[in-house]
Amino acid sequence: MGVLALSGLGIGISVLVDGDEGGSGKAKGSTASPKSSTSKATPPAAADGPMIPGWQTQTRDEHHFRYDVPGKAEKWQILDEDTAVSYNDDNGKPIVVMTGAGNYREGGCASAPNPNSIGEAGKGQLATVGTTGGGTEGTLQENARNWAGNWGYVAYGGDEHKPRMEVGRAKPWKLNGIDGYTATAKVTVTHRPSPCVPSKAIVHSIARKLPDGTMHGWVIYADQGVPHALTTAQIEKIMKTVRPAAGEN
């Protein structure tokens, strides 16, 4: 769970990774470049069918989310729900972490805004989606903005190549049994070592609070302004499939 100090179109970032995903600790004003890591496994079988025929269902019970992405023919893949996609500092400490993830068009033009990125980042994917959270600090609105802002910041440059950030106000999100908030971060990439790196990116979050007081988030971050980039309509279609994991009261 991140804590951002936001002003105007800029972003001052102070990240607090809380809960089971990433442990706890602050990376405040660090000069270390975020690095990403992942561990892949076999994609899970869906516990229920997708809301949209032909799509793939991903579930992360630990974060109480289920959602759908387009099928393999549309260049989407879902990872094992325990696969961790993270950005780490130079000491290997996670800054942000997501699980229950999926990627769009991985394996294309392999590059990244952060030249030190390793693992999942820099493999050419045009979008990544997953779940995060588990902490109790801050308000739900703050967490919605933090997840959107933090993922945009680290995925598109980090401290070494700070992107320009515009994080909007959190707005109510009530759909498919989720009563929470959503926030959007618009990213302008400042370091483009190759045409593979987009000039712009967009991040959306959905945040919900459980009865035990823990807050959990769903996040999608996507390149913009490059061939095959997800459109606003495509992203919204995916977001409208986000729902509670099965078995919730």
I need the full list of salt bridge (Lys or Arg N to Asp or Glu O under 4.0 Å) pairs touching residues 168-191, with sequence neighbours left out, sorted by first then second residue. none
Sorted by chain and number, sequence neighbours left out, side-chain hydrogen bond (donor to acceptor under 3.5 Å, both in side chains) with Q141 holds for Y181
Output all residues satisfying side-chain hydrogen bond (donor to acceptor under 3.5 Å, both in side chains) with T214, sequence neighbours left out; order by chain, then residue number. D212, H216
List the atom of S205, the atom of T182, and the distance in Å for their closest heavy-atom pair. O-OG1, 2.6 Å
Can you pull out every salt bridge (Lys or Arg N to Asp or Glu O under 4.0 Å) where at least one residue sits in residues 235-246? Sequence neighbours excluded, please. D48-R243, D68-R243
Partners passing side-chain contact (heavy atoms from CB on, under 4.5 Å) against A222 (at least two apart in sequence or in another chain): A127, I202, Q224, L230, I235
What one should report as the nearest heavy-atom pair of V187 and P163 is CG1-CB, 3.7 Å
Any heavy-atom pair between the side chains of P70 and I238 that's under 4.5 Å? yes
Tell me the closest heavy-atom pair linking M98 and A101, and the distance in Å. SD-CB, 4.3 Å
Which heavy atom of V189 sits nearest a heavy atom of H191, and at what distance? CG1-O, 3.4 Å
Suppose we screen for ring-ring contact (aromatic ring centres under 6.0 Å, His included). Which residues come up paired with W76, at least two apart in sequence or across chains? Y104
Between CG of L126 and CZ of R105, what distance do you get to the nearest 0.5 Å? 7.0 Å
Taking the side chain as every heavy atom from C-beta outward, state whether V85 and N103 have any pair of such atoms under 4.5 Å apart. no
Can K200 and D223 be said to form a salt bridge (charged side-chain N to carboxylate O under 4.0 Å, His left out), step by step? CA-CA 6 Å; K200 303 280 186 180; D223 296 1; over 6 Å; no
Closest non-hydrogen contact found for T190 with R164 is CG2-NH1, 3.8 Å
Whether R208 side chain and H64 backbone form a donor-acceptor pair below 3.5 Å: yes
Here the gap from N176 atom CG to F65 atom CZ, rounded to the nearest 0.5 Å, amounts to 11.5 Å
Does N91 use its side chain to pair, donor to acceptor, with the backbone of K93 at less than 3.5 Å? no
Any donor-acceptor pair under 3.5 Å from T132 side chain to G217 backbone: no
Would you call the rings of W218 and Y67 parallel, tilted or perpendicular if under 30° counts as parallel and over 60° as perpendicular? perpendicular
When you compare the side chain of R66 with that of T57, does any pair of heavy atoms fall below 4.5 Å? yes
Tell me, do E81 and Q58 make a side-chain contact under 4.5 Å, heavy atoms counted? yes
When you compare the side chain of V69 with that of I78, does any pair of heavy atoms fall below 4.5 Å? yes
Output for pair (M215 CE, E142 CD), nearest 0.5 Å, gives 8.5 Å
OG1 of T188 to CD of E166: how many Å apart, nearest 0.5 Å? 8.0 Å
With sequence neighbours excluded, what pairs up with A185 under the side-chain contact (heavy atoms from CB on, under 4.5 Å) test? A148, M165, V167, V203
Which word best sums up how the rings of Y87 and W151 line up, parallel for under 30°, tilted for 30 to 60°, or perpendicular for over 60°? perpendicular
Interatomic distance, CG@N88 vs CD1@I95, rounded to 0.5 Å, equals 7.0 Å
Where A170 and A183 come nearest, the two heavy atoms and their spacing: CA-CB, 4.3 Å
Can you tell me how far the OG1 atom of T131 sits from the CH2 atom of W147, to the nearest 0.5 Å? 10.0 Å
